[in-house]
Structure formats: structure tokens, C-alpha cells
Protein chains: 2
Amino acid sequence: MSSASPRRPGRPIGGQLVIDRDHVLDAAERVIKRDGPGASLEAVAVEAGVTKPIVYDRVGGRAELADALAERLADRMIEATEDAIAGETLNQASLSRLVRANLLAVAEHRELFLYVTGGNTEQTAIGRLSLAERSTTPLAKTLAFWRKSQGHDPKVAEAWSFGIVGMLQMISVWWITQPERAVDEVASQISDLMWNGLQGPRK
Amino acid sequence: MSSASPRRPGRPIGGQLVIDRDHVLDAAERVIKRDGPGASLEAVAVEAGVTKPIVYDRVGGRAELADALAERLADRMIEATEDAIAGETLNQASLSRLVRANLLAVAEHRELFLYVTGGNTEQTAIGRLSLAERSTTPLAKTLAFWRKSQGHDPKVAEAWSFGIVGMLQMISVWWITQPERAVDEVASQISDLMWNGLQGPRK
DNA sequence: GGTGAAAGTTACCAGCAGTAAGAAACCTGG
DNA sequence: CCAGGTTTCTTACTGCTGGTAACTTTCACC
């Protein structure tokens, strides 16, 4: 699945066939999908058709890889959930669709999601927050705007956004380990909790 | 910090000076507090004054260790939060105290919390859920009872409990990386979100 | 007193993150 | 045209960790 590569020491023979960062990241996603969240950097290198030092040069170590993949995953999930509310204003139905889309997106990228949200044992919790932060930032903006438009205090937007993202992440992990549970029911229940919560005072 | 140990091959010379599981788990907590979430089993063995195979015999591998520590941590956090509402019925003030107690408990066991909630890369998400599940179970019971007493549908209790626990975990991770933030303000904001959410219909 | 079970330790293996040093092609100045 | 530097990649290694096999010593029982 990887392009034909030199497999010989020294500078590649052709012109500018340099391996770029995205090529490595694509390979990493395939490996994680195949081997699960415990995938090794060595396997990533093999899948990319290169050797380890290339991986380290292009994306850095394990922590940086997780961070880069978190960025990609966050983009995809934001896109999936944005489609769910598609311009429409925030209401209970659109919120339920958002939760549902989030669950399905996590299920689609299951192994990648587990890789990104788990681990990163060494450096503190910063690694763990990367996906959350990227998901949170646009949500916080939307929330602050919406709260203001409803005549409420927008100050809570940041904390609430992190709370909501955490709620969604936990529900996702829980749900993907309970496949028998109907996605619509879970989405409906959680969106109820969220919707009523958002209406809160805190003027 | 560890008891005097044989440090010699073969069965210990005295009577029944067997090393028990809790001794190893205590050592593990000390090491994690000292070395951070990346603590190794070898370090745990040294701290416990024994060798690695003992650790494997008493608690199992890394996954089992995380699970055992999750159980202990869950018990402590449940105790801390139970004290916060102490018999009193569920209301906005007690909920705020609960969130506050949760945040402080996480901060107190910061490294342990990160160890338990992170990692466990190999086996799926089961490891990650262990703390959540233990925290969720009593919460779900309380919630179901309370919903019923309010004339609402208690069916949502399970999903809501996981959502709330996820929210609290994410807020905790976020908060402990932002020490300048006042704990009371965060607790107040999050409890507002929760309290209003819980009032929801879903008859 | 001999023999098996109990309770440890030593010594190892495999795999992984991360890095230093080397090799082949290209490029540039003389 | 060719010598030396630069680019681009590989080989080969270190150090550490999770996990296990095999050995060693004592106890308990007959």
C-alpha cells in the first residue's frame, strides 16, 4: 500500500521523491486501524515504506504523532458534527443530531480515537487535552455567541465546552463498548441532558 | 520506606512474612506519585522491596495494576464526594460542593488519576472505563432514585451518569493544568450546567 | 531424614522509543 | 571534470520495559 521506495542507504536516485509528513501520518492511521491503539512507530515506518529516523524527522516522537493525529481527527469530527447542524440554529433536535453524529464519527475512527485520547503517559495531561482543546475551541465560540443572544452570561462558555466535550468523549467510549445499545436512544438521552443544562440561568 | 526484606533467593527464613497485594499496591501509589504516570513496574517492585515476579503474582500486569488502582481511587473519590453532600438531598448547592470536592480530590491524587485514566493502550477501552464505571454505578443509582422521586423517567440514569462522570473527568484534567483558575468558580459553573440539565423533561 | 510444596530471586527474552554514525546521490566552485 | 560539501536516507546501535522461565532455599509433613 506504500509507494515504491529506494530501500537502499543514501540519497534517493530519482529527482525530488521526498517523503512528506502527510504520507507518514496516513501510514500511521492505517497501522493504528490495523494494530489498535498499541501500534508502534516501527510498524508505522514499515507501513510508510521508510525507516524510523524518517518518522522522527517528519513528525517527531510518539507524543508529537498523537498530537498530529489528534489535529486531523478533530478536524474530521468537527466537520461531521457541523454537517449535522448545518447552518440551522441551536435547538433540541439539532443538538441530538450533533450528538449522534459525534458517536458515529467516533465509531468510524474507533482505534484512532482510542489512540489519541489514551496514553501519552509521559508528559502530563497536555497530550490528552489536545483533541479536547481543538474540539472545544469552536464549540466555545458558538456557545458564547448563543448564550449572549439568549441574554445570558457567556462567561461560562469555556468551562461548559470542556465539560460537554468530556461528556461526549466518555459517552463515546462507553457506547462503542456496548454495541447493542441503539445510537439514537443514547443520542436522544444525552442531548436532553445537554439541552436542558444549556438553558441554565447564571445570568 | 519498605519493610526489611530477605533479598535472597528461596523461601523467606522467618515464619509467614508473606508480601500481600496491598503492600504492592501501596508501593505502586508512592512510585506513581514520585515518578508520574510513566512509572514502571520495575520501580514499583523496588519500592515494594521485592522483585518483579512478585508484582506479577500479586497484582498481574500493567493493565491489572491500573485496574486495581482505579478501584482504590474510585473508592476515595466516592467517599470525598459523598461527604460533600452528606445525607442532604440533591440540590444546586450540594451539587456545587460535589463538583468542588471532585476537583480537589483529583488534584490531591493528580498523578494517580492521570495514570489510571490514561494509557492502557493494549486492551481496548475497558481499562479506561474502569474508574468511570466504578464512579458511575453509585451515581446512577442515586440519579435513578432521584428522578423517580421527581416524577421523571429514570431510564436515562445510566447514560446520564456516564456523561456526568466524563464531564467531571475532563474538567478535572483541564483544571489541574490551569492552576490559576479558581476552583469555586469552575465548580459553580459546572454545577449550574449539570443542575439545569438534570431538571430536564424526558418524561 | 527425605520429599514435595511454597515463596522468592536471578537471569533472561522480545519489543519499543529514540539516536549516532555511515553511505549513496546530487550540487557547486574551481 | 572532479573534489568537497550538502541532502536524504539506512544501518546499527543503546537503554529501558513488560513479561517469563528456570533455579534456589526453606518449610511441612510422613
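A, B, ... follow the sequence lines: proteins, then strands. Residue 1 opens every chain.
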Separation of D:dG19 atom P from B:Y56 atom OH, nearest Å, is 4 Å

When you measure from the side chain of A:K52, which nucleotide among C:dT9, C:dA17, D:dG18 comes out closest? C:dA17

Over how many whole Å does the gap from B:E42 atom CD to C:dA11 atom P extend? 14 Å

Residues B:R34, B:E47: salt bridge by 4.0 Å N-O rule: yes

Just the rounded figure in Å: distance from C1' of D:dG18 to CG of B:D57. 16 Å

So does A:R97 pair up with A:D83, basic N to acidic O under 4.0 Å? no

For A:E47 and C:dC16, give me the distance from atom CD to atom P, rounded to whole Å. 15 Å

By nearest atom, which of the nucleotides D:dA21, C:dA17, C:dG8 is closest to the B:P12 side chain? C:dG8

Taking the side chain of A:R11 as heavy atoms from C-beta outward, which of D:dC9, C:dC26, D:dT25 is closest to it? C:dC26

In this structure, how many angstroms lie between the P atom of D:dC9 and the CD1 atom of A:I13, rounded? 14 Å

With the side chain defined as heavy atoms from C-beta on, A:I19 is closest, among D:dC9, C:dT9, C:dT19, to D:dC9

Side chain to side chain contact (heavy atoms under 4.5 Å, CB included) between B:W146 and B:H152, intermediate numbers included: CA-CA 9 Å; B:W146 183 77; B:H152 291 142; 5.6 Å; no

How many Å lie between CD on A:E64 and P on C:dA17, as a whole number? 13 Å

Are B:L25 and B:R30 side-chain neighbours, meaning at least one heavy-atom pair lies under 4.5 Å? no

Determine whether B:L98 and B:S94 make a side-chain contact, defined as any pair of heavy atoms from C-beta on separated by less than 4.5 Å. no

Does B:R8 place a side-chain N or O at less than 4.0 Å from the phosphate oxygens OP1/OP2 of D:dC23? no

When the nearest nucleotide of DNA chain D is assigned to A:I54 and to B:S40 on a heavy-atom basis, which residue is associated with the more 5' position? A:I54

note: A:R62, atom CZ; D:dC16, atom P; distance rounded to Å ~ 19 Å

Could you state the atom-to-atom distance from CG of A:D20 to P of D:dT7 in whole Å? 19 Å

